[in-house]
Amino acid sequence: MSTLHLIDHPLIQHKLTLMRRKEASTNSFRRMLGELSTLMAYELTRDFPLQDIEIETPMEKMVGKVIDGKKLALVSILRAGNGFLDGMLNVVPGARIGHIGLYRDPETLKPVEYYFKMPDNMGERDVIVVDPMLATGNSAVAAVQQLKDKCAPKSIKFMCLLAAPEGVKTMQAAHPDVDIYTAAVDRELNDHGYILPGLGDAGDRIFGTK
């Protein structure tokens with residue numbers, strides 16, 4: 001079974017509470033999501049591989065360590081996942097970016113892929129899949145499965161802002177090898193698949209749409 005990592009740093013919890021407020025503007029919501037993604041990226045990159053590089057300080061040459069960013073790919077589940085990217089790139093600017101687009105079939109209620117674009121050499125990369133909400137878990141499960149089937153990356157982690165217990169259970173059952181990182185696990189889903197108490201539709205709040 002995969003591990004659920006609850007990132008409960010005080011700064012993250014503070015900003016998340018501000019984002020949840022219904023009166024938070026699109027601008028403030030988007031800005032705080034960027035700040036949160038930067039803070040969360042520190043936890044996700046804790047065990048990432050390092051590489052040695054030779055540098056020269058003002059005093060002498062030395063060998064230092066840097067994250068092997070060329071081996072990392074951030075994969076956004078469109079469209080809300082894009083809200084995570086800028087903040088994470090502040091931490092790992094060398095990461096490559098991929099996108100997966102999914103929509104829910106109104107008859108089967110299953111995710112259908114409409115877009116899939118990845119960097120080269122995905123089989124050599126560690127991947128972080130990002131989507132602000134892990135609600136039912138169906139989109140996340142489908143996105144990770146597409147990655148495994150088409151790219152077979154070295155490893156996959158999943159990062160979200162909020163998760164519902166139902167989504168965590170679904171994701172862990174389908175992909176027991178993919179750890180989940182989230183700032184909060186909320187109470188439940190409502191009849192329409194929204195997280196409660198949640199923060200509403202993350203995509204609409206990021207982009208100012210309805």
Side-chain angles (χ1 to χ4, degrees), residues 1-5 7 33-34 36-56 61-103 110-134 137-161 163 167 170-182 202-203 206:
M1 183 67 67
S2 67
T3 301
L4 174 66
H5 301 264
I7 307 174
L33 180 60
L36 272 171
S37 62
T38 297
L39 293 169
M40 293 178 72
Y42 285 105
E43 187 65 30
L44 271 87
T45 56
R46 181 181 298 275
D47 61 351
F48 274 11
L50 297 171
Q51 62 175 331
D52 292 334
I53 62 168
E54 186 174 305
I55 65 170
E56 188 168 357
K61 290 183 178 180
M62 66 166 286
V63 175
K65 295 184 180 296
V66 296
I67 289 179
D68 192 359
K70 293 181 180 179
K71 300 289 177 64
L72 173 64
L74 307 177
V75 175
S76 166
I77 299 179
L78 297 174
R79 62 182 168 147
N82 284 357
F84 271 135
L85 295 179
D86 286 346
M88 296 192 73
L89 287 170
N90 287 334
V91 179
V92 281
R96 301 296 189 264
I97 305 297
H99 294 91
I100 299 177
L102 301 165
Y103 70 89
K110 293 183 178 180
V112 178
E113 178 192 307
Y114 66 87
Y115 188 80
F116 189 92
K117 186 75 170 179
M118 294 295 142
D120 294 333
N121 305 315
M122 284 293 285
E124 301 174 6
R125 298 186 186 279
D126 297 299
V127 171
I128 300 174
V129 178
V130 296
D131 193 357
M133 314 295 276
L134 181 62
N138 293 334
S139 292
V141 165
V144 170
Q145 192 61 55
Q146 293 284 54
L147 275 172
K148 288 181 175 180
D149 292 344
K150 296 182 178 182
C151 303
K154 285 174 57 181
S155 69
I156 302 175
K157 297 178 179 180
F158 182 83
M159 170 179 161
C160 60
L161 190 61
T170 297
M171 186 68 167
Q172 289 182 323
H175 298 293
D177 56 329
V178 176
D179 283 359
I180 301 167
Y181 294 76
T182 185
I206 292 166

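All values below were derived from every heavy atom in this structure, side-chain atoms included, with hydrogens, water molecules and symmetry-related copies excluded.
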Going through the distances and angles, do D120 and R96 end up as a side chain to side chain contact (heavy atoms under 4.5 Å, CB included)?
-> CA-CA 9 Å; D120 294 333; R96 301 296 189 264; over 6 Å; no

Scanning both residues in full, the closest heavy-atom pair of S139 with I77 reads O-CD1, 4.3 Å

Smallest heavy-atom separation, M118 atom then H99 atom, equals CE-O, 3.5 Å

Looking only at non-hydrogen atoms, find the nearest pair between L147 and P153 and report the distance.
-> O-CD, 3.6 Å

Going from CE on M62 to CD on E56, what distance comes out if it is rounded to the nearest 0.5 angstrom?
-> 11.5 Å

Taken in chain and number order and not counting sequence neighbours, the residues that satisfy salt bridge (charged side-chain N to carboxylate O under 4.0 Å, His left out) with D47 are K157

Which residues share a side-chain contact (heavy atoms from CB on, under 4.5 Å) with T38, sequence neighbours left out = Y42, N90, V91

Measure the spacing between CG of L78 and OH of Y115 and express it to the nearest 0.5 Å.
-> 7.5 Å

Could you go through the side chain to side chain contact (heavy atoms under 4.5 Å, CB included) check for V130 and S76 one step at a time?
-> CA-CA 5 Å; V130 296; S76 166; 4.1 Å; yes

How long is the span from the CG atom in L4 to the CZ atom in F158, to the nearest 0.5 Å?
-> 11.5 Å

Tell me, please, which residues at least two apart from D177 pass salt bridge (charged side-chain N to carboxylate O under 4.0 Å, His left out).
-> K148

After noting the C-alpha distance and the side-chain angles of E43 and M40, does the key distance pass the side chain to side chain contact (heavy atoms under 4.5 Å, CB included) rule?
-> CA-CA 5 Å; E43 187 65 30; M40 293 178 72; 5.8 Å; no

Who passes salt bridge (charged side-chain N to carboxylate O under 4.0 Å, His left out) against D149, sequence neighbours left out?
-> none

Is any side-chain heavy atom of H5 closer than 4.5 Å to a side-chain heavy atom of R46?
-> no

Can you tell which of I128, L44, V127 makes a side chain to side chain contact (heavy atoms under 4.5 Å, CB included) with L74?
-> I128

For F84 and L36, run side chain to side chain contact (heavy atoms under 4.5 Å, CB included): C-alpha distance rounded to whole Å, both residues' side-chain angles, the deciding distance at 0.1 Å, then the answer.
-> CA-CA 8 Å; F84 271 135; L36 272 171; 5.6 Å; no

Closest contact, heavy atoms only, I206 versus G83 = CD1-CA, 4.3 Å

Residues forming a side-chain contact (heavy atoms from CB on, under 4.5 Å) with T170, sequence neighbours excluded = N138, V141

Check E113 against K150 and note the closest heavy-atom contact, atom names and distance.
-> OE2-NZ, 2.9 Å

Do you know which two heavy atoms are closest between I100 and A143, and how far apart they sit?
-> CD1-O, 3.6 Å

Spacing of OG1 belonging to T182 relative to CG belonging to L134, to within rounding of 0.5 Å | 7.5 Å

Salt bridge (charged side-chain N to carboxylate O under 4.0 Å, His left out) involving K117 - partner list, sequence neighbours excluded = none

Approximate separation, where rounding is to 0.5 Å, of S2 OG and Q172 CD | 4.0 Å

How long is the span from the CE atom in M171 to the CG atom in D179, to the nearest 0.5 Å?
-> 10.0 Å

